There are 2 protein chains.
Amino acid sequence: MAEPRYQRRKKDRPQEITEAAFAAFAEKGFAATKVEDVARRAGVSKGLLYLYFKTKEELFKAVIRGVVTPRVDELTRTLDSSALSAEAFIRGPLLTFMKRLPGSPASVVIRLMISEAPKHPDLVEYYWDNVASRGLAALRQLLERGVANGEFRESAVNELPQLFVAPVMMSIVWGIVFADRSLDTDRLIETHVDMILAYIRA
Amino acid sequence: MAEPRYQRRKKDRPQEITEAAFAAFAEKGFAATKVEDVARRAGVSKGLLYLYFKTKEELFKAVIRGVVTPRVDELTRTLDSSALSAEAFIRGPLLTFMKRLPGSPASVVIRLMISEAPKHPDLVEYYWDNVASRGLAALRQLLERGVANGEFRESAVNELPQLFVAPVMMSIVWGIVFADRSLDTDRLIETHVDMILAYIRA
DNA sequence: TCTCTTACTGACTTGCTGGTCAGCAAGTAT
DNA sequence: ATACTTGCTGACCAGCAAGTCAGTAAGAGA
């Protein structure tokens, strides 16, 4: 008889807990999620969770980092492998990447950042260093290359790559607030990219 | 002697409490704000607050409504008094209005909506009915007028007035998350409007 | 001036949740 | 088998904040 009541799996626990926490945070947000719910979801006792994560906050940070890091890697990989012209790159891989964001874990992260940013300055810093500033720098670089190529003219967009991201942000926020009322985010983003390209083309 | 320890001011209390609550929520967010802090800010006891508002949630709703309503009025007033051409109206009063939003109480409301929307569906409905759907309808109407005028061509923007608002959203979210790292939101919005107009001009 | 209504107070209760820890049992070494 | 290490459990605690209510006093009315 005697199913063992639990297994010892030191290696896998952190990730399992982290994933459970992400799911819980996605549903309820950070503040409204109880540590015990996370533990239950991960099939683990609350005590064990606290063995791997000192506080609820630290768990939160681990979750954000866990989701963000692979996505950043994906972005940088996408950006590196670009033998394309600037415009072709924008219309191709970049557009695809942007369209995927509103339905991806990234949007959960954004929501969590918006809700919790004021209370977690170090998390904001991490996010800035690893995601925002890098992404914006990459966009800027891409535009510069287009200008150097003679594809694009100099324009305010060069200093404001946030313009590029605006419709993605819009789509994400829309999804958070008006989850049900549908919005054609793909079309929104496509049109916006069209507009930008028309605007900056040499 | 005998300063009276308090005054009875049934008329003014609700608004005073509401204003105090808005200030508190703006600083800390809804979840992190203690009812007693709101009461203290309003110069009132917690008990009295609960005499005017049944629960913390109801207070929250009252606050949102109190901030949102006058702003909607302002918007509709702006939109009505328009003897201008569509483009002139966009470059003039509409642009001014949009530029004001990121620094206004509206941005606090947005933040609260993003954080609390999942837990307050009725509030989302209220916001949709009174703000979002109206604003978007007005924009759509404005674009239609431009098309009828012969100023603008038909374009995807007609069905996606969210495109218009995207950089405002971006600016607001930026302000929430990266409060310190400055962003020239005016320029962002201006450039974006430029872009849109160039794109839709007949 | 006295009474009566009610706006207002603040100490209290209650329920909840982050965090702890003594002990238990799964796996490992001998 | 037996002893030992340590991943893991779950009952427990402490503190905090929402919400209550018996009592107080402002101020209106007679």
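Owing to the predicted nature of the structure, the values given are computational and were not obtained by experimental measurement. Numbers restart at 1 for each chain; the letters A, B, ... are given by sequence-line order, proteins then strands.
Whole-Å rounding puts the B/Lys11 NZ to D/dA28 P distance at 13 Å. When rounded to the nearest whole Å, the span between NZ of A/Lys10 and C1' of D/dT6 equals 8 Å. Spacing between atom OH of B/Tyr50 and atom P of C/dA7 amounts to 20 Å, rounded to whole angstrom units. Rounded to whole angstrom, the span from the CG atom of B/Leu51 across to the P atom of D/dA18 amounts to 18 Å. In this structure, A/Lys56 places its NZ atom 15 Å from P of C/dT20, rounding to the nearest Å. Per the geometry, CZ belonging to B/Arg13 stands 8 Å off C1' belonging to C/dA7, to the nearest Å. Atom CD1 of A/Ile17 is separated from atom P of D/dT9 by 9 Å (rounded to the nearest Å). For the pair B/Leu49 CG and D/dA17 P, the computed distance is 16 Å after rounding to whole Å.
Heavy-atom distances to DNA chain D give each of B/Ala31 and A/Ser45 a nearest nucleotide, and the one nearer the 5′ end belongs to A/Ser45. Checking A/Val35 against A/Arg5, the closest nucleotide of DNA chain C that is more toward the 5' end is the one next to A/Val35.
Side-chain atoms of A/Thr55 lie closest to C/dG19 of the nucleotides D/dC8, C/dG19, D/dA17.
A/His120 and A/Phe60 have tilted rings, their planes meeting at an angle from 30° to 60° on a 0 to 90° scale.
For A/Tyr6 and D/dG7, a side-chain-to-base donor-acceptor distance below 3.5 Å is present, hydrogens and geometry of angles not being considered. Within 3.5 Å, a donor on the side chain of A/Lys46 pairs with an acceptor on the base of C/dG19, or the reverse. Residue-to-nucleotide contacts include a donor-acceptor pair under 3.5 Å from the side chain of B/Arg8 to the base of D/dA26.
Within the 4.0 Å cut-off from OP1 or OP2 of C/dC8, at least one side-chain nitrogen or oxygen of B/Tyr52 is found.
Look at A/Lys99 and A/Glu190 and you find a salt bridge, because one of the NZ, NE, NH1 or NH2 atoms lies within 4.0 Å of a carboxylate O, short of that distance. Between B/Glu16 and B/Arg13 there is a salt bridge, since at least one side-chain N of the basic residue sits less than 4.0 Å from a carboxylate O of the acidic one.
A/Phe53 comes within 4.0 angstrom of no nucleic acid atom, judged by non-hydrogen atoms across all strands.
Without hydrogens or angle criteria, B/Ser107 side chain to B/Gly103 main chain gives no donor-acceptor distance under 3.5 Å. For B/Lys56 (side chain) and B/Thr33 (main-chain N/O), a donor-acceptor pair under 3.5 Å exists by modelled atom type.
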